[in-house]
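In this text, all values refer to a predicted model and were calculated from it rather than measured experimentally. When reading the values below, keep in mind they use all heavy atoms of this one structure, side chains included, and skip hydrogens, waters and symmetry mates. All residue numbers refer to positions in the sequence shown, counting from 1. We count ligands from 1, going down the list as the structure has it; atoms in each ligand are counted the same way.
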Amino acid sequence: MENLALKVSEIFNNIAQILELNNDNPFRIRAYLKAASAVEPLGPSLEGLIKEDRLETIPGVGKDLSEKIKEIANSGKLKFYEDLRKTIPEGVLELLKIPSLGPKTVKLLYSKLNIKNIQELEQAARSGKLLTLEGIKEKTVSNILAGIEILKKGRERISLAKALSVAQVFLDELTKKLKIQKIIAAGSLRRMQETVRDIDILLISKKPRQAIDTFTKAKGVKRILASGDTKASILNDEDIQIDLRVVPLKSFGAALLYFTGSKNFNIKLRQLAGKLQLTINEYGVFSLKDKNKFVAGRSEAEIFKVLGLEYVEPELRQDWGEVELAQKHDLPQLIHLSDIKGDLHVHSNYSDGAYSILEMVQACRLKGYEYVAITDHSQSLKIARGLSKKELINKKLEIDKLNKKFSPFRILYATEVDIDSDGNMDYPDSVLAEFDVVVAAIHTGFKQTKQQLTRRLIKACQNKYINIIAHPTGRLWQVRDAYEIDLDEILKVAKQTNTALEINSFPDRLDLNDINCRQAKLAGVKVCINTDSHDIRHLDFMHLGVATARRGWLSKTDCLNALSLDKLLKELSK
Ligand code: DGT
Ligand code: CA
């Protein structure tokens, strides 16, 4: 799913940068920058503002910019921006994407050294040519080279949510057009890793050639990288690589196991097979004692069995000790999507959500949930239309009324209270005490030191009204990395104070991550898997959070919102 707010803010930022390269009016440049930074944190609620025709309530957005936002929302493009881009060589605009490189430096590079793209910049940086420019020091050059690396890396991988949706298009198309016995996406995607480099599809077909042809001619194929009798490789129109392999029925399990990886997990299995006088490859398991006789290969289950292992779920295949546990048949019972009984972080249009409480509740009931917490933002978070104490009264009344109507389904009166830069809550305790559930989160001041950020979260845990810390490490895909916190210290306090930490299922967040989940489990701290929905459709992200929990070895007993309503209420009142 595309994040419109990010897109608008990116376009506005780019406009400001091009205007600066063109020596345009500084006031105009500042206006775009201001609007960009006001729009960015809006997230999905920007769509709500468009729907309600309230764009001009965003600081710095007047009539002209609100028309531009609407044009981007409607067409995915902005004519003004497209025209403006033509005034500067494409490669120079690329230079602006390098972290740490601002328009002033780019202008200097372009005008003095005629550097027009990243390649030329890298060369000039390595040859020492950049140092001839005024104001460019050794440190600037090393920052530029590091920035080029980050940029290259970011282009190598896509988010899991993106990979899942791209893979689905191909799986659907192949299933529709071919008589297929089995088809599945393997690799990092099947392991539900948070980022994916390329997509590996396996299928069984009696007509491999036809399958390959259908694949290479599928909609959305931009370039064929390779095409053989049983495998092919393409780039789709977004430059994402997809590999297809046609495998025989007899080897399907072996191929699936091999191409699911991870590589380290495969190596572990091969070592184990060797000890049993077996060899394992993508065609099957073979006996070394018996002239390489085929022993197993049709399904993963039969292969695990001949290796003396309990079935290892794909999300666990990282060589984090799971093979040893599988030998003892002692793997954790992983949580399933169906174990989730409710969502404890959902926004309504009382704050920056796009739908009413009633609409969000209906959608949650359709999911079979027992409860939902409506966690609108708190008063100081003006940008997300945080609720004043007065507005809370109406919200509470509405929830009481809906609860009568929908019982036994339970709507929990809740908030996502902002943790300020000193670790204080954005509502006084007297207000917090009224809520059924309180989720606390940091939304500003990400640049503080590790100690300061850790202290803020610890103070939040120590507040007796806080039940859950939302998106604890604050990372936002391709926007900012997780801020540094001392998670072990926070977990210690969370354990003492019975505070849960969230796994935020929003595709751009997914934090806590898998490693953090394992830390939480070891510390005896519960997680809560929430969607942070601002839209009915976001409720579907729950499976991404569940996948993160599974990768972090969590069971349903580790998860607050796998509790039934009764048990949850008891837990919250502790
Ligand atoms: P990615 O694509 O970087 O997100 O991650 P994967 O895990 O999908 O890696 P990929 O696409 O290179 O290969 C798919 C699987 O094939 C990988 O998880 C394990 C297996 N594989 C690939 N190369 C090797 C190898 O050199 N040795 C072993 N044992 N397995 C390999
Ligand atoms: Ca892959």
Item to check | Angle, OD2 of Asp200 through the Ca ion (ligand 2) to O of Asp198 - 10° precision | outcome: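 Vertex at the Ca ion (ligand 2): approximately 90°.
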
Checklist entry - Taking the minimum heavy-atom distance to atom 29 (N) of ligand 1, which of Gln241, Arg191, Arg317, Arg270 ranks first? => result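 Looking at heavy atoms only, Arg270 sits closest to atom 29 (N) of ligand 1.
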
Check this for me, if you would: do [X] and [Y] make a salt bridge, where the nitrogen-to-carboxylate-oxygen distance has to be below 4.0 angstrom?
{"X": "Lys526", "Y": "Asp558", "result": "no"}
{"X": "Lys116", "Y": "Glu90", "result": "no"}
{"X": "Glu302", "Y": "Lys305", "result": "no"}
{"X": "Lys367", "Y": "Asp540", "result": "yes"}
{"X": "Asp319", "Y": "Lys268", "result": "yes"}

Considering only non-hydrogen protein atoms, determine which one is nearest to [atom] and report residue, atom name and distance to 0.1 Å.
{"atom": "atom 26 (O) of ligand 1", "value": "Lys263 CE, 3.5 Å"}
{"atom": "atom 2 (O) of ligand 1", "value": "Asp198 OD1, 3.0 Å"}
{"atom": "atom 24 (C) of ligand 1", "value": "Tyr258 OH, 3.7 Å"}
{"atom": "atom 18 (O) of ligand 1", "value": "Gly261 CA, 3.1 Å"}
{"atom": "atom 1 (P) of ligand 1", "value": "Ser188 OG, 3.4 Å"}
{"atom": "atom 9 (O) of ligand 1", "value": "Arg197 NH2, 4.3 Å"}

Item to check | Ring-face cation contact, Phe286 with Arg270, 6.0 Å cut, 45° max | outcome: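 No, Arg270 does not sit over the ring of Phe286.
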
Ligand-residue contact atoms, ligand 1 with [X], heavy atoms, under 4.0 Å:
{"X": "Gly187", "result": "8 (O)"}
{"X": "Val196", "result": "4 (O)"}
{"X": "Phe259", "result": "14 (C), 15 (C), 16 (O)"}
{"X": "Thr260", "result": "18 (O)"}

Next on the checklist: Against Arg551, only a single residue in Glu313, Gln318, Glu315 fulfils side-chain hydrogen bond (donor to acceptor under 3.5 Å, both in side chains); can you say which?
Outcome noted: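 Considering Glu313, Gln318, Glu315, a side-chain hydrogen bond (donor to acceptor under 3.5 Å, both in side chains) with Arg551 is found only for Gln318.
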
Checklist entry - Is there a side-chain contact between Phe215 and Val246 (heavy atoms, below 4.5 Å)? => result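 The answer is no; the side chains never approach within 4.5 Å.
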
Checklist entry - With side chains defined as the heavy atoms from C-beta onward, is the minimum distance between Ile503 and Cys517 less than 4.5 Å? => result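 A side-chain contact under 4.5 Å exists here.
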
Item to check | Location of contacts on Asp200 toward ligand 1, heavy atoms closer than 4.0 Å | outcome: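 The side chain, only.
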
Next on the checklist: Heavy-atom pairs closer than 4.0 Å: do any link ligand 1 to the side chain of Asn266, the backbone, both, or neither?
Outcome noted: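 Answer for Asn266: side chain.
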
Checklist entry - Based purely on interatomic distance, does Thr195 place a nitrogen or oxygen under 3.5 Å from a nitrogen or oxygen of ligand 1? => result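 In fact, backbone or side chain, Thr195 has no N or O that close.
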
Checklist entry - For Val546 and Ile335, what are the C-alpha separation, side-chain angles and deciding distance, and is it a side-chain contact (heavy atoms from CB on, under 4.5 Å)? => result CA-CA 7 Å; Val546 171; Ile335 186 168; 4.2 Å; yes

Checklist entry - So, does Arg157 sit close enough to ligand 1 that a heavy atom of it is under 4.0 Å from the ligand? => result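 Within the 4.0 Å threshold, so yes.
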
